[in-house]
Amino acid sequence: MEQQTLRQFEARCIQDEPPVCQTQCPLHVDARNLARLIAGGKISEARRLLDRTMPLAGLAGYLCEGPCRGHCRRREVDEPIDMPLLERFCIARSRFAKPMPLPPTGKKAAIFGSGLSSLAAAWELGRKGHSVHVFHVGPPGRSLIDVPAEKLPETALKETLGQLAAVRTTFEAAENFSPEQLDSAKKKFMAVYLGFDDPALKAVDFNMSEPIPVEPATLAALTGRIFASREPSFIGQLAAGRRAAGSIDRLMQGVSPATAREAEATYPTKLYTNLAKVTVKPQKPPADPLAPTPEEAMEEAGRCIQCECLECVKNCAYLRHYKGHPKKYAREIYNNLSVVHGLRKANNMINSCAECGLCKEICPLEADSGQFIAKARLEMTAASRMPPSAHEFALEDMLYSNSPAVAFFRHQPGADHSAWLFFPGCQLPPSLPGETAAVYEHLRDRLAGGVGFALGCCGAPAKWSGRQKLTQTVRDDLHKIWEEAGRPQVILACASCSLFFQAELAEIPAITLWDVLAETELPATGRAAAEELALHDPCAARHDPKTRQSIRTIARRLEQPIRELPLSGELTRCCGYGGLASAANPEVGDLIAGDRAGDSDLTMLTYCIMCRDRLKGVGKPSLHLLNLLFPNAPMEKAALRKPPGISERQEGRLEFRRDLLFKCWGESPAPGWLMNSFPMHISEELASRLERRRILTSDLAAVLRHAKEHGAQFFNRETGRYLTSLRPRQVTFWVEYSLDDDGAYTIHDAYCHRMVVPGVPGCGAGSPASLEGYAAKGGRA
Amino acid sequence: MKAELRGIKAEGWLCRNCREPLQPMPVNITYMGSSFQVELPRCPTCGYTFIPPDLAYGKMLEVEKLLEDK
Ligand code: SF4
Ligand code: SF4
Ligand code: SF4
Ligand SMILES: [Zn+2]
C-alpha cells in the first residue's frame with residue numbers, strides 16, 4: 001500500500017484530535033484526562049499531569065479562571081465542567097512532583113517584575129537549565145499576596161518560590177525600576193522579560209510609552225531581545241510567561257523566537273463528539289467551592305463526557321470487537337501489508353470487516369473503513385498473501401452455484417426470446433424455493449415480452465475476497481449468459497447482486513425485483529402479518545433509495561404496519577454476511593448480526609434472504625418480504641423458520657433447479673442429479689458440528705464413495721467402526737462411520753484439516769469444485 | 001509441533017487393509033511450503049497415517065493458521 005493512501009485515510013479520522021477544553025486552554029492542559037483521573041480517584045497521577053502542563057501548578061491550580069468552561073461541550077447539555085474546581089482540589093490534595101531539571105546551560109536571562117507571568121517565565125526557563133535573575137520591588141510575588149487566603153493558601157507562594165530557587169532562580173529586590181537597570185541588564189543577560197502584570201512595574205520606569213507594542217506570537221518588544229506582556233487574567237499571565245520563556249529559550253539556542261509557534265495559541269478543535277446520548281446532570285454545587293471534598297470533586301469530574309468521536313466504533317460490532325478506531329487499525333493494516341518476514345497479525349482483522357459502508361455514512365469526515373479494507377484485501381490476494389482458508393469455503397460454494405450441476409438459463413416456457421431475465425441469486429432459491437418459483441410465475445404473468453430465468457451466483461463473494469481475476473471471470477460468465485438471453489433487462493432479487501451488477505456489470509440494464517413489484521399489481525396472495533414489523537434495509541441497499549422506497553410502497557399496499565429502525569436507509573446496518581465477514585470470522589459475523597437484531601423487539605422484515613437468514617441465525621424472528629407476498633405458512637411460523645445449513649443450501653439449489661425445470665419446462669432430471677445419494681444417519685448434534693466445521697454432506701459422500709470403492713483405511717476392533725480419509729480439494733476430510741444392516745451409513749464423527757499428510761488419497765487439484773481447478777480452466781466449462 | 005504430538009492415541013484402531021495395529025512412526029506433514037517431521041500412529045506395513053479429531057482441531061489448526069499468516 002502506498003504510504004499516501006494510509007496518510008489520506010488517517011487524515012480523515014479525527015478521533016485523536018484533542019478535545020475543545022484542551023485546545024481552548026491557553027496552557028493546553030489535558031483537561032479531559034485530568035477529569036478522568038480525578039473521577040477515578042487517581043489524585044497523584046492527576047497532579048503529575050498538571051505539573052507537566054501547567055507552569056507552577058501549585059500556584060496556578062488555585063488561580064486559573066477556567067476559560068475552557070466557555071467552550072466545554074457539556075454546556076450544550078447542561079453546565080460546563082468546573083475545571084478550576086477540579087484543579088484546586090487536585091493541588092490541595094497532592095504534592096508537587098519534582099521534575100528532573102536539565103543540566104545548567106550557563107545561559108542567563110533577566111526578568112523584571114515578580115507577578116505571575118514573571119514567575120511562570122522564570123520557572124519555564126529554569127526547568128530548561130537556564131539561570132534566571134528576577135528584579136523586583138517589594139517582596140517577590142507581591143501582587144499574589146493580595147489574593148485572599150481562602151482562594152490562595154499562603155503556603156502556595158512560599159512553596160513556589162522554593163521551587164524556583166531549586167532551578168537556579170535568583171531574586172534581587174530594588175527600591176524602584178530605572179532605564180539604567182534595563183540598559184545594564186541588556187548588556188549582562190541574553191534576554192530580558194518585562195512582566196507588567198506586576199503593578200510595581202510601569203513602562204514609564206524605563207522611559208517607554210504605554211502600552212509597549214509586542215509581537216503576539218513571541219511577545220517580542222522593541223528590539224528582539226526584550227519581551228513583555230501585560231495580561232489581566234491569571235491564566236493569561238501564566239500563558240504569557242510560558243510564551244516569553246519559549247521565545248527566550250529559542251533565542252538562547254540560536255533560533256528565531258518565531259520558529260514553530262503555531263500550536264501555542266488557542267484554536268477550535270476538529271474533534272467531533274455526539275452529545276445525543278448524554279443525559280442531563282447539572283453540577284451539584286460544593287458546600288465550600290474553595291475547598292471541595294473528594295466526593296464533590298469526583299462527582300464533578302465524573303460529569304465530564306470524555307469527549308471523543310468513535311461514532312463508527314459505537315455503531316460497528318466489528319470495530320468494537322477489534323477495540324480500535326480507524327486511525328489506529330489503519331496503521332496496523334498498513335504494517336501488516338508491509339511485513340516481509342514474520343507474522344501478519346492483522347489478517348484476521350482485515351477479513352472480518354463486512355465492508356458494509358456504515359462507518360463512512362456515520363463518520364463526520366466520511367472516513368471509509370470498508371473501502372480501505374477492500375483495498376487491503378486486493379493487495380493481499382495480488383501478493384498471494386491472503387490466508388487460503390479465510391474465503392475458500394464461500395468461494396467454492398459460489399463456484400458450485402455456477403457449476404453446470406446447478407446453474408442454468410432458459411427463456412420463458414414456450415418463448416424463444418427474453419425481454420426480461422429473472423436472476424434470483426444463489427441464496428434465495430435454496431432458502432425460499434416455493435416463493436422464488438411463485439414470484440417467477442408472477443413476473444411471467446405481469447410482464448410482457450418473455451421473462452427468462454437464470455440460476456447462479458453473481459460473483460459478489462469473489463469481489464469481497466479481494467480476488468480480482470476470479471471476479472472478472474465470474475462476471476464475464478454472467479455477461480455471456482445475458483448475451484445468450486438476448487440482452488434482456490435483468491431483474492435482481494438480492495441487494496448484494498444489485499450492488500455487484502452496478503459495479504461490475506454496468507453494461508447490463510438491471511432493476512430490482514422490488515421496483516418491478518411496486519410498479520405492477522401485487523400478487524393476490526399477498527397479505528400483512530398480524531403485527532407491526534421492524535423494517536431492516538440490507539446494507540447493500542444503502543445507496544439504493546429507489547428500491548428502499550419500493551419496499552415501503554409494497555408494505556403500504558399490503559397494509560403492513562412498519563416500524564422504521566433508528567439506523568435505516570442510508571444508515572442501515574449489516575447482517576454480517578457482507579464482505580464475507582461471517583465466512584472469515586463467524587464470531588464477528590454473529591456480533592454484527594446481533595447488533596442489528598437488538599435494534600428492535602419486533603419481528604424483522606427484510607428483503608435480502610441472507611439478512612433474513614442471518615438475523616434468524618442469531619435468534620431474531622425475521623421475515624422476507626416474499627413471505628408476505630406468497631405466504632405458504634402462518635406468518636409466525638415463517639418468522640421462526642430455521643435457515644438452511646451449508647449442505648441444505650447446496651442440495652436446495654439442486655432441488656430447486658430440478659423442480660423448476662420440471663414444472664416450467666417439463667424437463668426431467670438427469671440421472672445422478674442429486675449430489676449425494678448416500679443413505680446416511682447423522683445426529684442433530686453432529687449436524688451442527690459439521691456446520692461449524694464447514695463439512696458438507698457431499699464431502700461425507702465423497703469420502704464414503706471412495707471407501708466403498710477402495711475399502712476404508714482404518715477399522716476399530718472395539719467399536720466396529722471404520723475411519724477413512726480423502727482429500728478432494730485443499731482440505732482432507734476424515735469420516736468415522738459404521739455400516740448399518742440396511743446398507744445405510746451411520747456417521748459418528750467427521751473432521752477436516754488443511755495440512756497434507758502423505759498417503760491420503762485425493763482427487764487431484766483438477767476437482768471442478770476447487771478454486772484451483774476453476775482458475776486452471778479459466779471460467780465455466 | 002513435535003513435543004505436543006507425543007502420545008497421540010489410536011486406541012483400538014487397526015489398518016483395515018493390513019490388519020496391523022498402528023504404531024508411532026515419523027511422518028512428514030506439509031502445508032504452505034513448510035514441512036514438519038512428526039511422530040504419528042501409522043500402519044507399520046502400508047504406512048497409512050492416523051489423524052484424530054483433537055489433533056486436527058488442536059495443534060494442526062494452530063499451525064495451519066500460523067503458516068497462513070506467515
Ligand atoms: S466534557 Fe470534558 S472533555 Fe468535553 S469539553 Fe468538557 S471538560 Fe473537555
Ligand atoms: S463492518 Fe461496516 S461499519 Fe464496520 S468497519 Fe466494516 S464497513 Fe465499516
Ligand atoms: S467516525 Fe470513526 S473514522 Fe470517523 S472520525 Fe470518528 S472515530 Fe474516526
Ligand atoms: Zn496398512
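Since the model is a prediction, treat every value here as computed from it, not as a measurement. Per chain, numbering begins at 1; letters A, B, ... match sequence-line order.
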Please tell me if the side chains of [X] and [Y] come closer than 4.5 Å, counting only heavy atoms from C-beta onward.
{"X": "A:Met755", "Y": "B:Val63", "result": "yes"}
{"X": "B:Ile29", "Y": "A:Val756", "result": "no"}
{"X": "A:Phe714", "Y": "B:Leu22", "result": "yes"}
{"X": "A:Arg717", "Y": "B:Leu14", "result": "yes"}
{"X": "B:Tyr31", "Y": "A:Gln730", "result": "no"}
{"X": "B:Met32", "Y": "A:Pro388", "result": "yes"}

Could you check whether any side-chain N or O of [X] sits under 3.5 Å from a backbone N or O of [Y], counting only pairs where one atom can act as donor and the other as acceptor?
{"X": "B:Tyr57", "Y": "A:Tyr751", "value": "no"}
{"X": "A:Asn716", "Y": "B:Glu11", "value": "yes"}
{"X": "B:Glu68", "Y": "A:Ser389", "value": "yes"}

Nearest 0.5 Å, please: how far is CD1 in B:Ile51 from OG1 in A:Thr732?
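So the gap between those two atoms works out to 8.5 Å.
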
About how many Å separate CD of A:Glu718 and CH2 of B:Trp13, when rounded to the nearest 0.5 Å?
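Spacing of CH2 (B:Trp13) from CD (A:Glu718) equals 10.0 Å.
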
Would you please name every residue forming a salt bridge (Lys or Arg N to Asp or Glu O under 4.0 Å) with A:Arg377, sequence neighbours left out?
A:Glu355

So which residues of residues 737-749 of chain A are in contact with chain B at a heavy-atom cut-off of under 4.5 Å?
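Under the 4.5 Å heavy-atom cut-off, A:Asp749 qualify.
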
Contacts of residues 328-342 of chain A with chain B (heavy atom under 4.5 Å)
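Near chain B, by residue number: A:Gly342.
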
Hey, which of B:Cys43, B:Ala56, B:Pro53, B:Ser34 has the most heavy atom pairs under 4.5 Å with chain A?
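It is B:Pro53.
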
B:Asn28, B:Val27, B:Leu61, B:Asn17: which one forms the most heavy-atom pairs within less than 4.5 Å of chain A?
B:Asn28

Heavy-atom closest contact (A:Pro758 atom, B:Thr49 atom, distance)
O-OG1, 4.1 Å

For the student: nearest non-hydrogen atoms of A:Leu343 and B:Lys70, plus distance
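Here A:Leu343 and B:Lys70 meet closest at CD2-CG, 4.1 Å.
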
Is atom CD of A:Glu684 surrounded by more than 12 heavy atoms (other residues, nucleotides or ligands) closer than 6.0 Å?
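Open.
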
So with a 6.0 Å cut-off around CD of A:Gln468, is the heavy-atom count from everything else above 12?
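Counting other residues, nucleotides and ligands, CD of A:Gln468 stays at 12 neighbours or fewer.
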
Quick one: do A:Leu723 and B:Phe50 satisfy side chain to side chain contact (heavy atoms under 4.5 Å, CB included)? Show the steps, please.
CA-CA 9 Å; A:Leu723 178 71; B:Phe50 174 91; 3.3 Å; yes

Would you mind listing every salt bridge (charged side-chain N to carboxylate O under 4.0 Å, His left out) that reaches into residues 12-35 of chain B, with sequence neighbours excluded?
none

Of all of A:His753, A:Met386, A:Arg754, A:Arg385, which one pairs up most often with chain B through heavy atoms under 4.5 Å apart?
A:Arg754

Who wins among A:Gly711, A:Gly759, A:Ala712, A:Ser725 for the most heavy-atom pairs under 4.5 Å with chain B?
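Of the candidates given, the most pairs with chain B belong to A:Ala712.
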
